[in-house]
2 protein chains.
Amino acid sequence: MLRIGELATKTGLTAHTIRFYEKSGLINASQRSESGYRYYTDTDVRQAEFVKTARKIGFSVDDVSTLLSIRVDKSNHTCQDVTEITQRKLNDVNEKISELLLMQQTLKILLNSCCGGPESATHCSIMEALDASNALKPRIVAE
Amino acid sequence: MLRIGELATKTGLTAHTIRFYEKSGLINASQRSESGYRYYTDTDVRQAEFVKTARKIGFSVDDVSTLLSIRVDKSNHTCQDVTEITQRKLNDVNEKISELLLMQQTLKILLNSCCGGPESATHCSIMEALDASNALKPRIVAE
DNA sequence: TATAAACTTAGAGTTAACTCTAAGGTCAAG
DNA sequence: CTTGACCTTAGAGTTAACTCTAAGTTTATA
Ligand SMILES: [Zn+2]
Ligand SMILES: [Zn+2]
Ligand SMILES: [Zn+2]
Ligand SMILES: [Zn+2]
């Protein structure tokens, strides 16, 4: 039986976060001491680790909540249920990556166009590009 | 001279956002009618477009604020000043991309391992992976 | 003139996931 | 018995960038 600090150490979460997850319904302490201290059983610890793993992969707290409800009642859920959540998450991630790659591309173009030196920014091509509003069309770029 | 709604149409921002940007010091209306309506000059419009462009590229409101202060006083700033902001942003973006690629990789592995069918999740490999906490080590994976 | 669209303000609400604070209680070690 | 580390709670604060509301004013149009 671990106390909250020990669970924190074990999982890499903070005690604060564990309490927050408790409020969110992700982690609970099977036992409480008379004085109110939380005590975590092995089962609780495994659930906390599940939560940590799922969060680390990138699932939202809400997703983890759903995954946990599947976890406690696997026989009434299907692989499809699980892949749906996972696929949705992957789609999110893919979309974010696309956006970021576009930003990356544009930023690279800007950096390539500017000398970066100590001279006056009066004719800085980055500033000019931002003013021209066609700085938003990244193309094939070297490097 | 445009009113806020017209500027909104022209820039693709909303009137709300323009007012928010005003509070944040990014956009201001050179004129006000007697009744208090904002009126934007061509110069204001160009600044608003600069803001829109910079935001679209991914610069934070704070970054844009800094870029604007360079913009109004280019001769007292250098290309280095500008590239620093841009490079910092690119570094941020690169870091986020790395994190997302890791997530993407892991999610792909999970999806590959699960049949995704209508059968019970009792032996679902995604659930197993989340329970095993070694689901976090993405390796080379086929597409 | 009447109506509707557009505008004004201050300030509150949204989202996600924490993060921290205050004020106090508990427990093991020395 | 005292000290210090650890625990408790409710609830407020953080961040970024909006987004919305309410209640009222102005303006253009029919
Ligand atoms: Zn230069
Ligand atoms: Zn430059
Ligand atoms: Zn299956
Ligand atoms: Zn499965």
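Lettering follows sequence order; numbering is per chain, from 1. Bear in mind that the values here come from a model prediction, so they are computed numbers and not experimental data.
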Sugar-phosphate only, base, or nothing, as touched by A/Y39 at under 4.0 Å among non-hydrogen atoms: nothing
Residue A/H16, side-chain heavy atoms: nucleotide from C/dT21, D/dC7, D/dT21 that is nearest: C/dT21
Distance, rounded to the nearest Å, where B/L7 contributes CG and C/dA6 contributes P: 15 Å
Spacing between A/D63 atom CG and C/dA16 atom C1', to the nearest angstrom: 12 Å
Under 4.0 angstrom between A/Y21 side-chain N/O and C/dC18 OP1 or OP2: yes
Under 4.0 angstrom between B/R55 side-chain N/O and D/dC18 OP1 or OP2: yes
Spacing of B/K89 atom NZ relative to D/dA16 atom P, expressed in whole Å: 11 Å
A/V61 and A/R55, any side-chain heavy atoms less than 4.5 Å apart: yes
Among D/dC18, D/dT9, C/dG11, the one nearest A/R19 by side-chain distance: D/dT9
Nearest-Å distance for atom pair CD1/P, residues B/I18 and C/dT9: 13 Å
Proximity to DNA chain D (any heavy atom under 4.0 Å), residues of residues 27-38 of chain B only: B/S35, B/Y37
Exercise: identify the closest heavy-atom pair between B/M103 and A/V93: CE-CG2, 3.4 Å
B/F20 CZ - D/dT21 P separation (whole Å): 18 Å
Note: B/D131-A/R71 ion pair, threshold 4.0 Å (strictly below): yes
Interatomic distance, B/F59 CZ vs D/dC18 P [rounded to whole Å]: 15 Å
Touch class at under 4.0 angstrom, heavy-atom based, for B/S60 against every strand present: sugar-phosphate
Under 3.5 Å donor-acceptor, B/K89 side chain and A/L107 backbone: no
Pair B/R88-B/D63, side chain to side chain contact (heavy atoms under 4.5 Å, CB included): steps then yes or no: CA-CA 10 Å; B/R88 202 168 345 99; B/D63 287 338; 4.1 Å; yes
Sidechain N-carboxylate O distance under 4.0 Å for B/R38, B/E22: yes
Whole angstrom value for the distance that separates P of C/dT15 from CG of A/D62: 11 Å
Pairing of A/E99 and B/K56 as salt bridge, 4.0 angstrom limit: no
5' priority, DNA chain D, between A/K23 and A/G5 [closest heavy atom]: A/G5
Nucleotide D/dC6, atom P - distance to CD1 of A/I4 in whole Å: 13 Å
